[in-house]
Amino acid sequence: MNRANILVVFLTILALNTSAQTKKPVSAEEAKMNTFINNLLAKMTVDEKIGQLNLPSSGDITTGQANSSDIAKKIKDGQVGGLFNIKGVEKIKAVQKVAVENSRMKIPLLFGMDVIHGYNTVFPIPLGMSCTWDMAAVQKSARVAAIEASASGINWTFSPMVDISRDPRWGRISEGSGEDAYLGSQIAKAMVRGYQGKLQANNEILACVKHYALYGAAEGGRDYNTTDMSKVRMYNEYLPPYKAAVDAGAASIMASFNEVDGIPATGSKWLMTEVLRNQWGFKGFVVTDYTGIPEMIAHGMGDLQTVSALALNAGVDMDMVGEGFLGTLKKSLSEKKVTLQQIDNACRLILQAKYKLGLFADPYKFCDAQRAEKEVFSPENRQIAREVSAESFVLLKNDNNILPLKKTGTIALIGPLADNTANMYGTWSVAALFDKSVTVLQGLKNALGNDAKILTAHGSNFLADSAMEHRYVNIHNPTYVRDPRSEADLIKEALKVAEKSDVIVATIGEGSEFTGESSSVTDIQIPETQKNLLKALAKTGKPIVLVLFTGRPLALKWENENIPAILNVWFPGSEAGNSIADVLFGNVNPSGKLSTTFPQNVGQVPLYYAHKNTGRPLADGKWFEKFRSNYLDVSNDPLFPFGYGLSYTSFSYSDIKLSSNTLTKGKSITASVTLTNTGKYDGKEVVQLYTRDLVGSITRPVKELKGFQKISLKAGESKQISFTISENDLKFYNSDLKFVAEPGDFKLFIGTNSRDVKETSFTLK
Ligand code: BGC
């Protein structure tokens with residue numbers, strides 16, 4: 001043996017020893033699973049292994065082009081590992097039967113679906129949900145979704161979507177939790193826990209974190225577009241929520257459509273293996289997004305065989321719809337472009353997921369039709385949805401305390417969303433019962449009985465141009481009927497109704513399909529025809545409340561200047577009308593806070609609170625100074641900052657008390673304020689903690705959210721609210737991508753939103 005060889009042997013022994021020392025001992029349960037899967041793999045042909053990596057769409061729900069014509073045959077031939085977009089417990093049971101009775105290996109299937117914000121009982125869209133800042137509510141909503149979906153045969157949901165987005169033009173901003181890595185991470189964890197629980201009961205299902213990675217940073221807000229950012233930005237601002245979901249035990253992760261650092265995520269070994277598995281220790285399986293593999297042909301990465309091998313080599317395990325794995329992996333194996341071990345690894349991870357779900361023990365575990373009858377769209381679930389919806393609303397403005405409304409007199413309910421069953425849910429409502437949503441009109445009637453009179457008028461269509469409107473509505477749910485009358489006639493009728501009333505409730509904004517996948521825009525204002533209606537209504541001089549439906553932050557400059565009360569309800573879900581009435585009449589005091597900045601206009605985008613200071617910052621309170629970082633035509637301020645949201649009551653904050661001005665490594669300090677409910681109503685306040693690292697080895701944001709607490713206080717009540725801060729809370733990824741806290745001076749802020757805060761400072765020693 002020559003010297004070099006001796007060195008190799010020595011290093012190998014060393015490596016084996018170190019890995020043996022660092023490897024966690026395998027539990028008895030895990031050992032049992034490994035034996036079971038090893039036995040199974042030993043009996044499978046290469047074709048059957050590749051078959052497990054194939055995930056076709058059944059086409060019950062349109063989320064793209066369904067691909068597999070003869071799915072039953074493919075299942076029999078062992079060419080399918082899971083199926084998605086199939087709806088109905090009996091149907092799923094029948095398909096599972098084909099897999100476990102008619103295929104050679106009798107391996108049960110995974111059944112996936114985009115259960116994004118509820119199943120039959122629909123919760124607010126995720127962006128709305130994130131505005132609750134209530135992690136118990138978020139987790140509960142995911143739990144209910146899992147209960148209902150699993151009672152309907154589904155054992156895998158393509159949620160949570162944790163893509164950070166700072167661009168309201170991007171239609172999919174509605175599907176995420178907004179702009180902030182810290183808030184997004186808390187929500188990611190709560191959702192995973194809600195869906196998966198302990199992955200034991202027949203209502204605990206696999207979560208799938210998506211879209212890994214950086215999908216929300218699409219250039220120009222155009223869906224599927226290129227992303228490009230520095231690694232420090234990725235690690236500090238965009239990757240944390242995916243990591244948080246992985247840390248919480250998410251069983252699967254979905255590759256995103258976009259490229260990262262010049263390589264489509266689906267083909268990125270750096271993302272799928274280096275970061276995900278080596279750095280984060282992910283143990284679950286990776287699935288592509290819809291046709292993510294063949295889309296790499298258009299990205300310019302080669303033909304189907306090349307891109308399929310690229311994906312497997314990168315660390316992707318399952319091919320959604322693309323059938324690149326199914327059609328080409330065997331050839332790539334014979335040409336040594338992939339290895340059998342890679343195919344085995346991917347197959348093992350899919351089989352493990354099935355094993356952990358308990359499908360080998362009982363393939364019909366999630367096919368109990370009796371459960372579906374009792375546990376889906378139940379009064380209890382709807383009640384939870386009603387409460388969570390009301391908590392997601394953000395009161396943007398309430399001049400002269402117009403809200404809450406009195407339950408007397410005459411109310412004019414005007415606008416395209418007043419009695420609109422089709423548009424209460426928002427995007428991704430694949431199992432919504434469209435005829436069962438509570439409209440605003442119905443909710444108001446339920447709340448008022450005979451106490452007050454409601455007059456209604458359609459007021460306007462969503463958009464003036466019918467051909468254009470068609471592009472925005474009725475793609476997934478063609479039940480919205482356009483009013484054929486002219487804009488002038490609709491406004492005329494609305495004014496007549498308004499004149500007979502004491503107060504106007506204008507239900508205006510976006511329809512469900514204005515946001516979501518493939519729904520990006522370049523103008524983020526309320527459509528002109530609806531604005532014309534609002535302008536006409538405002539001229540009547542009657543008190544007016546804008547109940548705003550939207551899936552994205554909108555530019556509401558005119559509305560803010562001219563409409564006294566604005567309640568942003570996002571898309572509230574099944575109980576829309578009831579929860580809106582709860583808040584309008586004061587049964588529930590609004591407590592939602594924005595998880596995304598609302599800009600003054602689209603030109604300010606991207607606008608977010610955790611920005612950098614730059615070398616030429618604008619002085620506080622200034623609009624414009626020459627040679628400073630600002631615009632000529634509009635101030636740098638948002639219209640409504642991150643964390644903002646009003647209540648019917650008011651809260652005051654005392655100055656901050658610190659237990660010490662010095663924080664030493666390994667110790668912690670406490671920051672406290674006294675919060676007082678100074679108004680007339682009981683209410684909830686989200687107390688927010690931010691820090692600023694004043695000097696760093698890389699530039700640091702002007703503020704970073706580090707904690708929050710949602711506090712209930714009776715009118716007049718005070719409470720001391722404390723946060724503990726340790727070195728860990730101050731860590732960030734430096735330019736070597738090391739997660740460190742750097743000694744030095746910090747500012748600490750506590751307040752009601754990212755702008756209105758109390759301030760103090762401390763030093764990390
Ligand atoms: C979306 C994913 C979704 C998948 C399956 C894709 O078009 O990007 O979010 O999970 O379809 O429906």
Side-chain angles (χ1 to χ4, degrees), residues 27 29-30 32-37 39-40 51-52 55-56 58 60 71-72 75-76 78 80-103 105-115 118-121 142-159 192-208 249-252 283-285 287 318 347-378 381 430-431:
S27 68
E29 183 51 36
E30 241 178 296
K32 203 169 136 202
M33 175 178 79
N34 291 344
T35 311
F36 178 86
I37 291 174
N39 286 340
L40 200 58
Q52 284 301 307
L55 176 70
S58 103
D60 277 2
I71 287 176
I75 294 170
K76 275 187 214 156
V80 176
L83 194 61
F84 75 107
N85 279 354
I86 173 166
K87 218 167 163 185
V89 63
E90 293 300 348
K91 209 164 168 187
I92 288 178
K93 202 172 175 179
V95 175
Q96 189 71 300
K97 198 162 181 255
V98 176
V100 297
E101 289 185 11
N102 301 343
S103 75
M105 289 308 299
K106 309 195 182 322
I107 298 174
L109 299 173
L110 292 175
F111 290 99
M113 194 186 273
D114 290 282
V115 182
Y119 188 75
N120 281 173
T121 305
R143 187 85 289 276
V144 169
I147 290 172
E148 293 199 357
S150 62
S152 314
I154 300 302
N155 50 37
W156 180 26
T157 176
F158 302 141
S159 173
V192 170
R193 289 187 192 125
Y195 289 133
Q196 294 193 167
K198 297 197 166 96
L199 273 187
Q200 275 169 8
N202 68 352
N203 60 24
E204 296 174 327
I205 63 176
L206 306 178
C208 184
S252 66
K283 299 274 186 291
F285 68 98
V287 62
M318 198 172 211
C347 183
R348 176 185 294 279
L349 291 172
I350 312 278
L351 296 175
Q352 267 179 16
K354 295 180 178 184
Y355 186 96
K356 286 182 182 162
L357 270 176
L359 290 179
F360 287 108
D362 177 8
Y364 305 108
K365 183 173 167 187
F366 302 93
C367 296
D368 177 350
Q370 280 179 342
R371 267 192 63 207
E373 269 164 38
K374 276 184 274 159
E375 296 177 26
V376 177
F377 207 62
S378 65
N381 292 355
V430 291

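This one's a predicted model, so the numbers in the text were calculated from it and none came from an experiment.
For residues 355-372, every residue pair satisfying the salt bridge (Lys or Arg N to Asp or Glu O under 4.0 Å) rule, not counting sequence neighbours, is listed here: Arg371-Glu375.
The two residues Glu148 and Asn120 make their nearest non-hydrogen contact at OE1-N, 3.1 Å. The heavy-atom pair separating Ile205 from Ala149 by the smallest distance is CD1-CB, 4.4 Å. Taking both residues in full, the closest heavy atoms of Gly82 and Pro56 are given as O-CD, 3.0 Å, listed atom of the first, atom of the second, then distance. Listed here is the closest heavy atom pair of Gly249 and Val192: C-CG1, 4.2 Å. When all heavy atoms are compared, the tightest approach of Ala151 to Ala372 is O-CB, 3.3 Å. Of all non-hydrogen atoms in Ile71 and Ser58, the two that sit nearest each other are CD1-CA, 3.9 Å.
Crowding of Lys106 atom NZ: a count of heavy atoms from other residues, nucleotides or ligands under 6.0 Å exceeding 12.
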List the steps and the verdict of ring-ring contact (aromatic ring centres under 6.0 Å, His included) for Phe366 and Phe111.
CA-CA 10 Å; Phe366 302 93; Phe111 290 99; 9.6 Å; no

Let me see the working for Phe158 and Val115 under side-chain contact (heavy atoms from CB on, under 4.5 Å), right down to the final yes or no.
CA-CA 7 Å; Phe158 302 141; Val115 182; over 6 Å; no

Under the side-chain contact (heavy atoms from CB on, under 4.5 Å) rule, what do Met318 and Gln52 come out as? Steps first, then yes or no, please.
CA-CA 8 Å; Met318 198 172 211; Gln52 284 301 307; over 6 Å; no

Verify side-chain contact (heavy atoms from CB on, under 4.5 Å) between Leu83 and Leu55, making sure each step is shown before the conclusion.
CA-CA 6 Å; Leu83 194 61; Leu55 176 70; 5.5 Å; no

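Separation of atoms CG (Leu351) and CE (Met33) is listed at 10.0 Å; rounding is to 0.5 Å. Here the OG1 atom belonging to Thr157 is positioned 9.5 Å from the CG atom belonging to Leu206, to the nearest 0.5 angstrom. To the nearest 0.5 Å, the span separating CD1 on Ile154 from CG on Asp114 amounts to 10.0 Å. Remark: Leu357 CG to Asn202 CG distance equals 11.0 Å, nearest 0.5 Å. In this structure, the separation between CD on Gln352 and CD1 on Ile37 is 4.5 Å, given to the nearest 0.5 Å. Taking CD1 of Ile92 as the start and CE of Met113 as the end, the distance is 6.0 Å to the nearest 0.5 Å.
Between the Glu90 side chain and the Ala369 main chain, no donor and acceptor come within less than 3.5 Å of each other. Proximity of a side-chain donor or acceptor of Ser152 to a complementary backbone N or O of Val89 within less than 3.5 Å is not detected.
Residues Phe84 and Trp156 have side chains not in contact (no heavy-atom distance under 4.5 Å, counting atoms from C-beta outward). Counting heavy atoms from C-beta outward, Phe285 and Leu110 have side chains that approach closer than 4.5 Å. Between Tyr364 and Leu359 the shortest side-chain heavy-atom distance does not fall below 4.5 Å. Residues Ile86 and Lys91 meet the side-chain proximity criterion, which asks for heavy atoms closer than 4.5 Å. Considering only heavy atoms from C-beta on, Asn155 stays 4.5 Å or farther from Ser150 through its side chain. The side-chain heavy atoms of Val144 and Tyr119, taken from C-beta on, include no pair separated by under 4.5 Å. Looking at Arg143 and Glu204, their side chains come closer than 4.5 Å, going by heavy atoms from C-beta outward. Counting heavy atoms from C-beta on, the side chains of Asn102 and Ile75 never come closer than 4.5 Å.
Residues passing the side-chain contact (heavy atoms from CB on, under 4.5 Å) test with Ser27, sequence neighbours excluded: Glu29, Glu30. Taking the salt bridge (charged side-chain N to carboxylate O under 4.0 Å, His left out) definition, one finds that Lys283 meets it with nothing, sequence neighbours left out.
No donor-acceptor contact under 3.5 angstrom links the side chains of Asn34 and Arg348, judged on distance only.
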